[in-house]
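Scroll down for the structure; my scribbles are underneath it.
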Amino acid sequence: MLPLSKPVIAVVGLYTAVNHWNDWFAGAFYVNDTKLWPVQTVLQQMLTKAMNSQQEVTSVAQALAHNTVSVTSDSLKMAAVVVTTVPILCVYPFVQKYFAQGAMIGAVKG
């Protein structure tokens with residue numbers, strides 16, 4: 001029974017891992033020290049502050065006009081999102097074969 005259950009266990013394990021990885025609320029609610037916040041809580045706080053802040057350079061054209069090298073808030077947000085998705089993207093290829101096996105086991109042949 002266990003060999004037939006491997007795809008189900010792998011999929012449930014992956015979904016549980018993604019759920020825990022994306023949980024920012026528990027870190028914000030239960031952890032008081034900002035040095036101990038999980039990555040997703042830091043990302044959420046950064047995105048919230050960036051949305052509320054209007055003091056940064058709003059366009060690349062303004063930055064070029066001032067001859068300064070600056071990072072726009074949108075590029076900083078997108079870079080942070082990409083960095084936080086890398087661990088899940090590294091795990092997914094190893095679990096993907098179980099998705100295909102589960103589909104083949106449950107498929108109707110005929």
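For the numbers below, each heavy atom of this structure counts, side chains included, while hydrogens, waters and symmetry mates do not.
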Q | side chain to side chain contact (heavy atoms under 4.5 Å, CB included) involving Val91 - partner list, sequence neighbours excluded | A | Leu14, Val95
Considering only distance and modelled atom types, tabulate donor-acceptor pairs under 3.5 Å from the side chains of residues 28-38, sequence neighbours left out.
from, atom 1, to, atom 2, distance (Å)
Asp33, OD1, Lys35, N, 3.4
Trp37, NE1, Val31, O, 3.2

Q) For Phe94, which fellow cluster members are found when Ile, Leu, Val, Met, Phe, Trp and Tyr are connected by side-chain heavy-atom distances below 4.5 angstrom, either directly or through intermediates? A) none
Q. Do Val11 and Ile88 sit in the same hydrophobic cluster, where Ile, Leu, Val, Met, Phe, Trp and Tyr count as joined when their side-chain heavy atoms come under 4.5 Å apart?
A. yes
Show every donor-acceptor pair shorter than 3.5 Å between a side-chain atom in residues 78-86 and any protein atom, with sequence neighbours excluded, or say none if there are none.
from, atom 1, to, atom 2, distance (Å)
Thr84, OG1, Ala80, O, 3.1
Thr84, OG1, Val81, O, 2.9
Thr85, OG1, Val81, O, 3.3
Thr85, OG1, Val82, O, 2.9

**Q.** Candidate pair Lys6 and Ile9, rule side chain to side chain contact (heavy atoms under 4.5 Å, CB included), full reasoning
**A.** CA-CA 5 Å; Lys6 277 197 294 187; Ile9 293 169; 5.7 Å; no
(Q) Please report the interatomic distance CD(Gln40) to CH2(Trp24), rounded to the nearest 0.5 Å. (A) 11.0 Å
Q | Those residues that, when tested against Gln96, pass side chain to side chain donor-acceptor pair (under 3.5 Å) (two or more places apart) | A |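 Listed in chain order: nothing, the list is empty.
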Q) Nearest heavy-atom pair of Leu89 and Pro93: which atoms, and what distance? A) O-CD, 3.0 Å
Q. Are side-chain N/O atoms of Gln45 and Thr41 paired as donor and acceptor at under 3.5 Å?
A. no
Q: Can you tell me which residue pairs pass the ring pair (Phe, Tyr, Trp, His ring centres under 6.0 Å) test with a partner in residues 2-21, sequence neighbours excluded?
A: none
